[in-house]
Amino acid sequence: MIENQMQRQVLDMYREVDAAVAAAGPICVASGKCCRFKEYGHTLFLSNPEADILLSNAPPYEQPVSADFCPFQKENLCTAREPRPLACRIFFCDPNYQETAQSLTEEYLHRLKDLARENDIEWRYAPLHQFLNEHDAAKEPGG
């Protein structure tokens with residue numbers, strides 16, 4: 001679990017990302033495809049600091065978690081909107097936004113990794129379902 005100071009730093013970074021994305025103006029038609037990973041052909045990766053924030057603030061979800069879709073998507077909308085990780089904040093299906101998204105992803109992942117190093121947090125970057133399933137297994141008796 002990350003310390004409160006780093007959690008505040010990550011949340012501040014999330015606000016910066018949200019402002020940068022809003023300034024870029026990508027279009028979202030709320031299709032929900034971005035959260036149906038298998039259907040859309042991608043995997044949602046996040047870091048351990050992001051996973052800690054998500055897991056400490058997200059609503060309950062069905063377990064075990066599949067790699068095929070996000071367990072927080074309900075009726076094409078995100079139920080974990082506030083604690084969602086960088087990739088969820090930056091990714092949009094809008095084809096006119098892809099270059100900007102790539103640039104923002106690289107910049108903010110680099111900054112997030114620097115924050116982890118500055119706070120002596122070991123860096124781990126893995127798919128969402130791995131973090132969620134490991135968290136659930138750790139909660140089980142004997143886990």
> When the aromatic ring centroids of Phe91 and His42 are compared, is their separation below 6.0 Å?
Replying inline: yes

> Do the non-hydrogen side-chain atoms of Leu128 and Leu54 ever get within less than 4.5 Å of each other?
Replying inline: yes

> Is a side-chain N or O of Asp94 found less than 3.5 angstrom from the main chain of Asn96, in a donor-acceptor match?
Replying inline: yes

> Going by atom types only, do Glu106 and Gln102 share a side-chain donor-acceptor pair under 3.5 Å?
Replying inline: yes

> Between Val21 and Phe92, is any pair of side-chain heavy atoms under 4.5 Å apart?
Replying inline: yes

> Going through the distances and angles, do Ile53 and Leu11 end up as a side chain to side chain contact (heavy atoms under 4.5 Å, CB included)?
Replying inline: CA-CA 9 Å; Ile53 289 172; Leu11 293 173; 4.0 Å; yes

>> Please give me the minimum heavy-atom distance between Asn76 and Ala30, naming the atom from each residue.
In response: CB-O, 3.5 Å

>> For a quick test of reading the model, state the closest non-hydrogen atom pair linking Leu55 to Tyr61 and the distance between them.
In response: CD2-OH, 3.6 Å

> When you measure from the side chain of Gln63 to the backbone N and O of Asp136, does any donor-acceptor pair fall under 3.5 Å?
Replying inline: no

>> Rounded to the nearest 0.5 Å, what separates atom CD in Gln7 from atom CG in Asn4?
In response: 6.0 Å

> Between Arg111 and Asp114, is there a side-chain N and carboxylate O pair less than 4.0 Å apart?
Replying inline: no

>> Could you walk me through whether Tyr40 and Phe69 satisfy the side chain to side chain contact (heavy atoms under 4.5 Å, CB included) test, starting with their C-alpha distance in whole Å, then the side-chain angles of each, then the deciding distance to 0.1 Å, before giving a yes or no?
In response: CA-CA 9 Å; Tyr40 202 65; Phe69 59 88; over 6 Å; no

>> For a quick test of reading the model, state the closest non-hydrogen atom pair linking Trp123 to Ala116 and the distance between them.
In response: CE3-CB, 3.9 Å

>> Please determine whether a side-chain nitrogen of the Lys or Arg among Arg84 and Glu50 lies less than 4.0 Å from a carboxylate oxygen of the Asp or Glu.
In response: no

> Any donor-acceptor pair under 3.5 Å linking the side chain of Asn48 with the backbone of Arg124?
Replying inline: yes

>> For Ser47 versus Leu112, what's the shortest heavy-atom pair and its separation?
In response: OG-CD2, 3.3 Å

> Taking atom CD of Gln73 and atom SG of Cys78, what is their separation to the nearest 0.5 Å?
Replying inline: 8.5 Å

> When you measure from the side chain of Lys74 to the backbone N and O of Pro71, does any donor-acceptor pair fall under 3.5 Å?
Replying inline: yes

> Under 3.5 Å, is there a donor-acceptor pair between the side chain of Thr79 and the main chain of Phe72?
Replying inline: yes

>> I'd like to know whether Phe45 forms a side chain to side chain contact (heavy atoms under 4.5 Å, CB included) with Leu86, so could you lay out the CA-CA distance, the side-chain angles of the two residues, the decisive distance to 0.1 Å, and finally the verdict.
In response: CA-CA 9 Å; Phe45 278 82; Leu86 284 174; over 6 Å; no

> So, for Leu44 and Cys88, which heavy atoms are closest and what is the spacing to 0.1 Å?
Replying inline: CD2-SG, 3.7 Å

>> Between Arg89 and Asp18, does any NZ, NE, NH1 or NH2 come within less than 4.0 Å of an OD or OE carboxylate oxygen?
In response: yes

> Would a distance-only check, ignoring hydrogens and angles, find a side-chain to backbone donor-acceptor pair under 3.5 Å from Asn57 to Pro83?
Replying inline: no

> Do the side chain of Ser56 and the main chain of Asp52 share a donor and acceptor less than 3.5 angstrom apart?
Replying inline: yes

> Out of curiosity, Phe131 CZ to Leu46 CG, how far, rounded to the nearest 0.5 Å?
Replying inline: 5.0 Å

>> Distance check, rounded to the nearest 0.5 Å: Asp68 atom CG versus Lys38 atom NZ?
In response: 5.0 Å

> When rounded to the nearest 0.5 angstrom, what distance separates CZ in Arg8 from CE in Met13?
Replying inline: 14.5 Å

